[in-house]
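All remarks here apply to the structure that follows.
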Amino acid sequence: MQFVDEASIIVEAGKGGNGCLSFRREKYVPKGGPDGGDGGHGGSVYLIGDDALNTLIDFKYQRFYKAENGQGGMGRQMSGKAGEDLHVKVPVGTTVIDEDTLEVIADVTEIGQVVLVADGGRRGLGNIHFKSSTNRAPRRTTPGTEGDRRNLRLEMKVMADVGLLGMPNAGKSTLIRSVSAAKPKVANYPFTTLVPNLGVVKLGLHEHFVMADVPGLIEGASDGAGLGLRFLKHLTRTRLLLHVVDVAPFDESNPVDAAKAIVHELGEFSPALAERPRWLVLNKFDLLPEEEREARAQAIIDALNWEGPIFRISAISNEGTDALVQSAHRWLTEQQRLENEDEEAHAHEQEMRRRMEDESVARTEARLGRKRKPRDEDDDDFDDDDYDVEVEYAP
């Protein structure tokens with residue numbers, strides 16, 4: 001299945017039914033009167049979180065969603081039927097943005113969460129509502145109102161506890177394959193990973209956490225270079241970042257420069273994301289001779305002035321991976337306990353999430369603004385999806 005994490009759709013609520021203009025015409029009733037019924041309310045459009053979905057692929061091909069119109073009123077004081085509401089399922093982790101105002105309407109973060117995105121039109125009133133002692137035969141009704149119509153942008157962010165970040169070919173996909181049942185594609189060339197991958201790391205019968213592997217970042221990712229800007233936002237849902245560094249890159253590049261570039265891109269994209277707890281994971285130690293390993297690791301640590309947790313691993317041979325996942329699980333468990341017991345810790349976590357979301361949306365606004373500019377200057381009915389291609393890299 002193709003992974004799609006961004007989509008633009010149009011939602012339109014149903015129009016309210018018009019009120020009816022009608023008078024009683026009954027045998028043996030010499031003096032009738034108004035009996036026009038009301039219209040029915042228009043249906044509304046709701047989004048509902050569904051854990052069975054993990055991509056926005058459906059919205060790539062169906063972009064218009066409309067709820068049912070309300071039925072018009074009828075004689076004999078019969079009201080029209082209300083329009084059926086439309087419930088559209090979206091993946092958990094979807095942010096809903098109004099494309100016209102760039103307002104964040106909602107963040108769907110829970111299974112079954114329901115969000116109103118287009119309110120149905122109000123019903124019109126029949127002429128029975130306008131009779132009075134001085135107006136026995138009113139010919140006045142009101143029409144139903146139009147339902148809301150909105151252009152929405154859906155952005156899905158994967159829901160994970162731990163996020164892997166690093167340069168292409170740092171070994172992130174190999175690591176998630178080693179510690180979970182996820183099987184992302186692994187190959188010896190950059191950008192093998194083109195979409196985020198999720199893996200459940202199990203440590204016992206009821207102990208587990210979710211790890212996310214996002215495509216590799218490069219310098220300039222926060223400004224849209226490579227795959228970075230599109231996928232950096234997925235890391236805003238995580239609690240812990242594992243910064244994977246290749247200690248023996250095949251192109252003989254400097255691991256320190258690569259690590260510093262990643263830190264810079266995090267800060268440029270979201271200062272709050274850069275403040276997230278981040279552990280240094282030095283990978284591919286199996287490619288170094290035994291006598292060189294510690295010296296190479298210490299040189300990287302000193303050059304980065306690193307003071308946080310450090311793990312030396314070889315993902316492909318599982319060397320050191322067990323200690324890494326055990327430590328991550330203990331840290332996550334302790335953080336959850338603190339948030340449950342300490343209101344201040346809980347408030348801090350919520351504030352961090354709010355900041356990351358705001359900064360992520362600000363990046364989206366800038367990107368959408370850049371996209372709109374040429375389309376505003378040129379009225380061509382151009383759809384950049386017409387030129388979508390699927391790229392497959394071959395070794």
Side-chain angles (χ1 to χ4, degrees), residues 5 47 49 51 54 90-97 103-115 155-166 176 179-180 196 198-203 206-214 217 222 231-244 262-263 265-281 306-311 324-365:
D5 64 346
L47 301 184
D51 63 336
N54 55 17
V90 297
V92 174
T94 299
T95 301
V96 187
I97 302 171
E103 170 198 3
V104 177
I105 298 172
D107 211 3
V108 183
T109 58
E110 298 178 4
I111 299 171
Q113 181 180 347
V114 178
V115 176
E155 292 193 352
M156 193 195 83
K157 304 180 183 73
V158 296
M159 305 288 286
D161 302 300
V162 176
L164 304 180
L165 73 154
I176 201 172
V179 300
S180 76
L198 291 180
V200 178
V201 182
K202 293 186 177 180
L203 296 98
H206 300 293
E207 296 181 332
H208 65 272
F209 63 87
V210 180
M211 181 179 287
D213 166 31
V214 301
L217 306 179
S222 60
F231 294 117
L232 268 168
K233 64 175 182 280
H234 291 288
L235 296 176
T236 62
R237 300 285 191 191
T238 61
R239 291 174 173 269
L240 174 65
L241 301 176
L242 300 183
H243 188 163
V244 183
I262 294 296
V263 175
E265 296 307 323
L266 279 182
E268 287 293 305
F269 176 78
S270 167
L273 179 59
E275 295 175 17
R276 267 308 205 202
R278 183 162 44 90
W279 294 357
L280 183 63
V281 179
W306 192 270
E307 298 180 351
I310 303 165
F311 294 87
L324 173 61
V325 297
Q326 290 285 354
S327 297
H329 181 258
R330 285 194 298 270
W331 186 89
L332 291 168
T333 302
E334 179 63 17
Q335 286 299 116
Q336 189 62 58
R337 184 191 65 79
L338 281 175
E339 290 178 31
N340 292 339
E341 298 177 358
D342 188 341
E343 291 185 6
E344 187 175 336
H346 177 75
H348 175 72
E349 175 64 21
Q350 296 305 310
E351 174 63 17
M352 287 291 291
R353 289 178 181 271
R354 185 195 62 77
R355 283 180 56 199
M356 287 189 293
E357 186 62 37
D358 289 346
E359 290 160 359
S360 176
V361 169
R363 280 287 173 180
T364 298
E365 290 178 358

(request) For residues F209 and V325, determine if any side-chain heavy atom of one lies less than 4.5 Å from a side-chain heavy atom of the other. (result) yes
(request) State, to 0.1 Å, how close L338 and A345 come at their nearest heavy-atom pair, and which atoms those are. (result) O-CB, 3.9 Å
(request) Report, as yes or no, whether the 6.0 Å neighbourhood of atom CD on E343 holds more than 12 heavy atoms from other residues, nucleotides or ligands. (result) no
(request) Using only heavy-atom distances, determine whether the side chains of S327 and R330 contain a donor-acceptor pair under 3.5 Å. (result) yes
(message) Please find the pair of heavy atoms, one from T236 and one from F269, that lie closest to each other, and give the distance.
(response) CG2-CE2, 4.1 Å
(message) If you define the side chain from C-beta out and look only at heavy atoms, does anything of V96 sit under 4.5 Å from V90?
(response) no
(message) Checking D358 now: which residues fulfil salt bridge (Lys or Arg N to Asp or Glu O under 4.0 Å) with it, not counting sequence neighbours?
(response) R354
(message) Tell me whether E334 at atom CD has more than 12 heavy atoms from other residues, nucleotides or ligands lying less than 6.0 Å away.
(response) yes
(message) Keeping R237 on the side-chain end and G93 on the backbone end, is there a donor-acceptor pair under 3.5 Å?
(response) yes
(request) State, with a plain yes or no, whether a side-chain heavy atom of R353 is found less than 4.5 Å away from one of R239. (result) yes
(request) Report the C-alpha separation of E307 and R278 in whole Å, then their side-chain angles, then the decisive distance to 0.1 Å, and conclude whether the salt bridge (charged side-chain N to carboxylate O under 4.0 Å, His left out) test is met. (result) CA-CA 10 Å; E307 298 180 351; R278 183 162 44 90; over 6 Å; no
(message) side chain to side chain contact (heavy atoms under 4.5 Å, CB included), that's the test. Do V281 and L324 meet it? Break it down for me.
(response) CA-CA 9 Å; V281 179; L324 173 61; 4.1 Å; yes
(message) How long is the straight-line distance from CE of M356 back to CE of M352, given to the nearest 0.5 Å?
(response) 5.5 Å
(request) Measure from the side-chain N and O atoms of Q113 to the backbone N and O of D107, and report whether any donor-acceptor pair falls under 3.5 Å. (result) yes
(request) Could you check if a side-chain atom of L235 sits within less than 4.5 angstrom of a side-chain atom of L165, using non-hydrogen atoms only? (result) yes
(message) Any heavy-atom pair between the side chains of V263 and H243 that's under 4.5 Å?
(response) yes
(request) Taking the side chain as every heavy atom from C-beta outward, state whether W331 and P277 have any pair of such atoms under 4.5 Å apart. (result) yes
(message) I want to check something: taking the side chain as every heavy atom from C-beta on, are R355 and E275 in contact at a cut-off of under 4.5 Å?
(response) yes
(request) Work out which heavy atom in L241 is nearest to a heavy atom in R276; give both atom names and the distance. (result) CD1-CB, 4.1 Å
(request) Grab the two heavy atoms, one from M211 and one from A160, that are nearest each other, plus how far apart they are. (result) C-CB, 4.3 Å
(request) Please check if the side chain of E339 supplies one atom and the backbone of E349 the other of a donor-acceptor pair under 3.5 Å. (result) no
(request) Kindly compute the distance separating CG (D161) from OG1 (T333), expressed to the nearest 0.5 Å. (result) 9.5 Å
(request) Provide the closest heavy-atom pair for V244 versus L164 in the form atom of the first, atom of the second, distance. (result) CG2-CD2, 4.4 Å
(request) Over all heavy atoms of both residues, which pair between S180 and V200 is shortest? Give the atoms and the distance, please. (result) CB-O, 3.4 Å
